[in-house]
Novice: 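Before I ask anything, here is the structure I am working with.
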Amino acid sequence: MSKIGKLTYAQKKCVSLTGLCMQRTGMLRPGDRIGVAVSGGVDSFVLLKTLLIRQAIVPFPFEIMALHVNPGFSPDSHRALARWCAAEGVALHAELTDFGPRAHSPENRKNSPCFYCAMLRRKRLFALCREYGLSHLAFGHNADDLVVTTFMNLLQNGRSEGLSIREDFFEGRLQVVRPALLVEKSFIRAAARQWSLPVWANDCPSNGKTRRDDMLAWLQELWAHDKAFRVNTFNGLTRKQLDLTSP
């Protein structure tokens, strides 16, 4: 169980907004078993730390397990995660794959490398949830991811869809959840530094060169004209997802 201690403002925002998301949507029940997909970046690492704190607050028991699927660019990068999980008493499954190199090879002729790699990793994570008897698979997507995804779907595909807080898979045997979807990236970055989480750099050759990066840059240029634009965008989209998922 994670020691809570005194929390900074950013850490409190991560813990409280994640708790609000979980409570409003009825995300967990007693005895649930959550697999947290930990990539090694700030989003998933902060989610794991936050859920450990929520575990000490929630008035019923639930289990947490970290799942790391190394894409294969740096075979030893997850050693820091293994040491951290051992110190925190968190069960961890970590494995090395070749998903990243395959996504950047001639094998992937139709999709972007990010899409193909993510598809392979998600399939493996689903299989791990089945193997370990997990009821939930938690991803570290945050409010910034929600905003960018919504605009990408709207402008590129003509669909006003974002990221769901909770989705059922395999006839309800597994729920994919995003407990940090109400938390802005700035709070997550600050909390990761303050908790001294051993995050590591994303060494994928496509990092920083994706359509998501282009969309974020365009949105930031738009928001620069008026601070209220950004506030209203985040408030409107996070409220919508919360309302759609609330029982």
Side-chain angles (χ1 to χ4, degrees), residues 10 13-14 17-18 21 37-47 69 71 73 99-105 108-123 125 137-167 176-193 199-245:
K13 292 293 284 187
C14 292
L17 288 173
T18 297
C21 182
V38 185
S39 66
V42 291
D43 300 327
S44 56
F45 226 135
V46 167
L47 174 61
V69 178
F73 296 114
F99 296 162
R102 286 171 59 189
H104 289 81
S105 75
N108 177 28
R109 298 179 179 179
K110 296 182 179 180
N111 301 299
S112 71
C114 292
F115 178 89
Y116 197 70
C117 183
M119 178 188 68
L120 294 174
R121 282 187 289 126
R122 177 171 283 214
K123 285 183 177 180
L125 288 167
L137 175 60
F139 288 105
H141 296 117
N142 55 56
D144 296 56
D145 295 320
L146 168 62
V147 169
V148 173
T149 299
T150 301
F151 274 89
M152 287 184 69
N153 283 332
L154 181 62
L155 298 179
Q156 294 180 180
N157 305 314
R159 302 196 311 268
S160 58
E161 299 174 2
L163 291 167
S164 299
I165 292 175
R166 186 182 65 204
E167 298 176 86
V176 168
V177 293
R178 298 178 175 89
L181 205 62
L182 307 183
V183 188
E184 294 188 29
K185 183 83 169 190
S186 59
F187 296 128
I188 291 173
R189 287 198 184 102
R193 291 193 303 270
V199 300
W200 60 88
N202 182 354
D203 53 3
C204 171
S206 293
N207 185 35
K209 304 173 184 177
T210 66
R211 288 187 176 182
R212 295 187 66 84
D213 297 307
D214 294 338
M215 180 60 67
L216 178 58
W218 178 79
L219 287 169
Q220 288 173 334
E221 183 179 345
L222 174 65
W223 295 330
H225 293 284
D226 190 329
K227 291 182 179 179
F229 291 173
R230 186 183 188 281
V231 173
N232 292 337
T233 301
F234 275 70
N235 288 345
L237 292 178
T238 53
R239 277 200 303 265
K240 176 185 177 182
Q241 287 303 321
L242 199 57
D243 291 342
L244 286 173
T245 318

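This structure is a prediction, so every number in the text was calculated from the model and none was measured. No hydrogens, no waters, no symmetry mates; every other heavy atom, side chains included, goes into these values.
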Novice: Is any side-chain heavy atom of Phe234 closer than 4.5 Å to a side-chain heavy atom of Phe229?
Specialist: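 No - every pair of side-chain heavy atoms lies 4.5 Å or more apart.
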Novice: Going from SG on Cys14 to CG on Leu47, what distance comes out if it is rounded to the nearest 0.5 angstrom?
Specialist: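 Those atoms lie 9.5 Å apart.
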Novice: Report yes or no: does Arg166 contribute a side-chain atom to a donor-acceptor pair with the main-chain N or O of Arg178 at less than 3.5 Å?
Specialist: no
Novice: State the CZ-CZ distance between Arg122 and Phe139, to the nearest 0.5 angstrom.
Specialist: 4.5 Å
Novice: My understanding is that only residues two or more places apart in sequence, or in another chain, count here; which of them pass salt bridge (Lys or Arg N to Asp or Glu O under 4.0 Å) with Arg230?
Specialist: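 Checked Arg230 against salt bridge (Lys or Arg N to Asp or Glu O under 4.0 Å); matches are Asp144, Glu184.
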Novice: Please report the interatomic distance CG(Leu17) to OG1(Thr238), rounded to the nearest 0.5 Å.
Specialist: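 Nearest 0.5 Å value for the CG-OG1 distance: 9.0 Å.
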Novice: Whether the side chain of Asn157 engages the backbone of Arg159 through a donor-acceptor N/O pair (distance < 3.5 Å, no angle test) should be reported.
Specialist: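 A pair under 3.5 Å: no.
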Novice: If you measure from CG on Asn108 to SG on Cys114, what distance do you get to the nearest 0.5 Å?
Specialist: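 Interatomic distance, Asn108 CG to Cys114 SG, rounded to 0.5 Å: 10.0 Å.
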Novice: Taking the side chain as every heavy atom from C-beta outward, state whether Asp145 and Arg212 have any atom pair closer than 4.5 Å.
Specialist: yes
Novice: Please identify each residue that fulfils side-chain contact (heavy atoms from CB on, under 4.5 Å) with Cys21, with sequence neighbours left out.
Specialist: Met27, Ile165, Leu182
Novice: Within a radius of less than 6.0 Å around CZ of Arg211, do more than 12 heavy atoms belonging to other residues, nucleotides or ligands occur?
Specialist: no
Novice: Using atom types as modelled and distance alone, determine if a side-chain donor or acceptor of Ser160 lies under 3.5 Å from a backbone N or O of Leu154.
Specialist: no
Novice: Do other residues, nucleotides or ligands put more than 12 heavy atoms under 6.0 Å from the CD atom of Gln220?
Specialist: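 Yes.
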Novice: Nearest 0.5 angstrom please: Lys240 NZ to Leu146 CG, how far?
Specialist: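 Reported value, rounded in 0.5 Å steps: 9.0 Å.
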Novice: Under 3.5 Å, side chain of Asp213 to main-chain N/O of Thr210, donor-acceptor pair present?
Specialist: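 Yes, because the side chain of Asp213 sits within donor-acceptor range (under 3.5 Å) of the backbone of Thr210.
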Novice: Flag the pair Phe99 / His104 as yes when their ring centroid distance falls below 6.0 Å, and as no otherwise.
Specialist: no
Novice: Would you call Trp218 and Asp214 a side-chain contact if the rule is heavy atoms closer than 4.5 Å?
Specialist: no
